[in-house]
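What follows is one structure encoded as structure tokens, with my remarks underneath.
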Amino acid sequence: MKFFSRRSSILLVILGAILLLVGVIAHWTYSNAFSMFCLLLIIAGVVLYVVSAKRNSDY
């Protein structure tokens with residue numbers, strides 16, 4: 001489970017960044033909903049990564 005949560009958190013960040021990049025290239029920046037969705041994916045990935053790293057830490 002540790003491996004899955006750490007890998008999925010990195011995938012969420014990458015997916016959010018790729019979607020944001022595709023949105024800028026395709027001119028989908030008129031909607032704030034799309035940008036907020038990408039931002040939420042990135043933030044969720046970072047939070048999940050920090051939580052999984054903290055659980056695996058000895059401190």
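Residues that satisfy the side-chain contact (heavy atoms from CB on, under 4.5 Å) test with I43, not counting sequence neighbours, are L39, V47. Under the side-chain contact (heavy atoms from CB on, under 4.5 Å) criterion, I14 pairs with I10, I18, not counting sequence neighbours.
Using a 4.5 Å heavy-atom threshold, the side chains of L19 and L41 count as touching. The shortest side-chain heavy-atom distance between I42 and L12 does not fall under the 4.5 Å cut-off.
Other cluster members for L11: none, since no ILVMFWY side-chain heavy atom sits under 4.5 Å from it. Under a 4.5 Å side-chain heavy-atom cut-off, the cluster of Ile, Leu, Val, Met, Phe, Trp and Tyr residues that includes I25 is completed by L21. L20 shares a hydrophobic cluster with no other residue; no ILVMFWY side chain has heavy atoms under 4.5 Å from its own.
Legend: ring pair (Phe, Tyr, Trp, His ring centres under 6.0 Å) pairs involving residues 9-30, not counting sequence neighbours, sorted by first then second residue: W28-F34.
Taking all atoms of both residues into account, the shortest heavy-atom contact from G16 to C38 is O-CB, 3.8 Å. When all heavy atoms of G45 and S9 are compared, the pair lying nearest together is O-CB, 3.2 Å.
No side-chain donor-acceptor contact under 3.5 Å links S35 to the backbone of N32.
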